[in-house]
Amino acid sequence: MHYSSCFKRHLRFSLLQRRLVISRQFNSSTTTTTTSSSNSRVVDVSGLAQRMRDSVRRYTLQQEVRMVAVLAQSDSLLREDAEVYSHNIAEAFAEDGLHYEVCSCSGDEPAAVEEAIRYLNQRSDVHGILVFYPIFKTRNLDDKGLYLNQRTGVHYKTYDDYLRDVVSPQKDVEALSQVHTRGAQHLFRARGMDHAGEDPYVPCTALAVSKIMEEYYKPLHNSNNSKSSRKWLGHTVTVVNRSEILGRPLAGLLSLQGATVYSVDEDSILVFEEDGRLRRCNNMELKDCIGQSSVIVSGVPTSDFSLPMDEIQPGTMVIDVSEGSCNVEEDVLLQKPSVQLVSNVGKVTVAALEQNLIRLHQQQRNLNLILE
Ligand SMILES: Nc1nc(=O)c2c([nH]1)NC[C@@H]1CN(c3ccc(C(=O)N[C@@H](CCC(=O)O)C(=O)O)cc3)C=[N+]21
């Protein structure tokens, strides 16, 4: 299992590399790959990632910034996923002058994970904390099936949900604690949405997808005004994934920016309307959502899932965030006219993580200056 999935990742990576080399040979003025007849292309997002990381490098020339990641999965597949991400973080952080530590603890012992996070909350040399999820998935321990936060009185359905609120909001690089997503059940709010010009503060993969859309999605009728806070008005997006670390915040963010967003998981389809409000779609199937969407984001972490290719319309941007599972039949997709495929989101995710971390460091510095 472990090796075959590594192999698949390797294979996919080398295919992407090869396509890139070919495109450079034939067309040195563009960084994207164009397939001959259909005018469709695989988008290379490294330019965006590099620009985001350049500003981080300038910052770390002056400042010492440190993040610690908590690695607690005992399930080997979940752990492998987190390790791939951790490896990429380590590499990018080393290049960009950021300090990175991994705190490895036993996932069989929920209290040990909680204790590790509380210790990191206290450490004054740690500016950001990243907890790799999922750890326990839906494991419930107490008799009511709920976890109680003694301090706030809030009950949580899973231990992962509970842990998200143990991380100090000041060090929460992914903005996962409830402070940032108040009332997320019905009305999503992203901190920083009201500050014009600033990126909203949302989990890194969600932020990465939204930046990729802004940078590379050029609709036929060019109505994307990236300066406007309602830049996706009139656009329909499908997000296949409703996790707390990706699908839900992404759907919420895009809907606040004006899009109509279908949020799809294995049990249900919801629509996030323009105002961030949620409604259930009982009479729709995935293919109906796909047919209406000009951007499709797919993050299903299993290799037996594939997007229904037939329904994808010309001009659509498809963003595959399944990280190695591959939710897209690439060859079929690229035969369609004017389709854009993005599959290496991870590069931008790490850059978004670095940016979120720098923002936390700045806030902590400002606070310390006031307190001194
Ligand atoms: N709190 C939390 N936030 C996460 O965002 C999160 C998490 N937990 N747990 C683990 C998963 C997994 N994940 C990846 C991110 C980037 C790459 C990545 O960089 N991929 C490479 C390619 C990897 C390959 O396919 O070889 C790329 O896209 O360039 C992989 C995996 C984030 N996750």
Side-chain angles (χ1 to χ4, degrees), residues 2-17 20 42-50 52-53 67-73 75-93 95 102-103 107 113 117 128-137 160-161 163-167 171-177 180-181 202-210 212 241 243-250 297-303 319-328 330 341-357:
H2 177 93
Y3 286 108
S4 79
S5 103
C6 278
F7 178 70
K8 203 172 149 204
R9 287 195 166 120
H10 173 74
L11 194 70
R12 189 165 65 93
F13 180 71
S14 50
L15 284 174
L16 282 172
Q17 286 290 91
L20 207 67
V42 176
V43 180
D44 175 14
V45 295
S46 6
L48 172 62
Q50 208 50 57
M52 291 166 72
R53 288 173 56 182
M67 186 186 84
V68 180
V70 176
L71 183 66
Q73 283 78 3
D75 175 284
S76 66
L77 279 178
L78 294 181
R79 196 175 179 94
E80 191 209 314
D81 237 24
E83 279 170 348
V84 170
Y85 189 25
S86 182
H87 176 81
N88 293 338
I89 294 170
E91 228 168 51
F93 274 40
E95 285 172 23
V102 178
C103 169
V113 184
I117 297 171
I129 301 169
L130 171 69
V131 182
F132 295 119
Y133 293 109
I135 306 174
F136 303 106
K137 284 194 166 167
D160 282 11
D161 288 340
L163 285 177
R164 280 189 257 279
D165 266 2
V166 174
V167 176
K171 299 190 178 186
D172 182 4
V173 282
E174 292 214 291
L176 288 172
S177 65
H180 310 294
T181 54
V202 292
C204 307
T205 309
L207 179 57
V209 170
S210 106
I212 287 169
N241 175 311
S243 69
E244 295 302 321
I245 60 171
L246 170 61
R248 188 184 290 274
L250 177 63
V297 182
S298 189
V300 181
T302 54
S303 46
I319 306 176
D320 186 354
V321 270
S322 63
E323 298 298 357
S325 299
C326 200
N327 293 168
V328 177
E330 203 171 300
L341 171 63
V342 181
S343 50
N344 46 359
V345 176
K347 283 185 180 139
V348 185
T349 301
V350 176
L353 174 67
E354 291 188 353
Q355 287 198 332
N356 276 359
L357 176 61

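Counting convention: from 1, in listed order, for ligands and their atoms alike. In this chain, numbering begins with 1 at the start of the sequence shown.
- Atoms CG and OG1, from Asn327 and Thr302 in turn, are 7.0 Å apart once rounded to the nearest 0.5 Å.
- Considering backbone and side-chain N/O of Val131, one or more are found under 3.5 Å from N/O of ligand 1.
- Not counting sequence neighbours, the partners of Arg79 by the salt bridge (Lys or Arg N to Asp or Glu O under 4.0 Å) test are Glu83.
- Looking only at side-chain heavy atoms (C-beta outward), Leu78 and Tyr133 stay at 4.5 Å or farther from each other.
- When each atom of ligand 1 is checked for a heavy atom of Asn88 under 4.0 Å away, the hits are 17 (C), 18 (C), 19 (O), 20 (N), 21 (C).
- Residue-to-ligand polar distances place Gly346 within reach of ligand 1: an N/O pair is separated by less than 3.5 Å.
- In terms of polar-atom proximity, defined here as any N/O pair under 3.5 Å, Asp81 makes no such contact with ligand 1.
- Of the listed residues (Val348, Leu357, Asn356), just one forms a side chain to side chain contact (heavy atoms under 4.5 Å, CB included) with Cys204, and that residue is Asn356.
- Atoms of ligand 1 lying under 4.0 Å from at least one heavy atom of Thr205, given by number and element, are 5 (O).
- Note that CG of Asp81 is 8.5 Å distant from CD of Gln73, once rounded to the nearest 0.5 Å.
- With a 4.0 Å cut-off on non-hydrogen atoms, Thr349 does not touch ligand 1 at all.
- Considering only residues two or more places apart in sequence or on other chains, Gln50 meets the side chain to side chain donor-acceptor pair (under 3.5 Å) condition with none of them.
- Remark: ligand 1 atoms within the under-4.0 Å shell around heavy atoms of Val84 are 30 (C).
- With a heavy-atom cut-off of 4.0 Å, Val350 does not touch ligand 1 at all.
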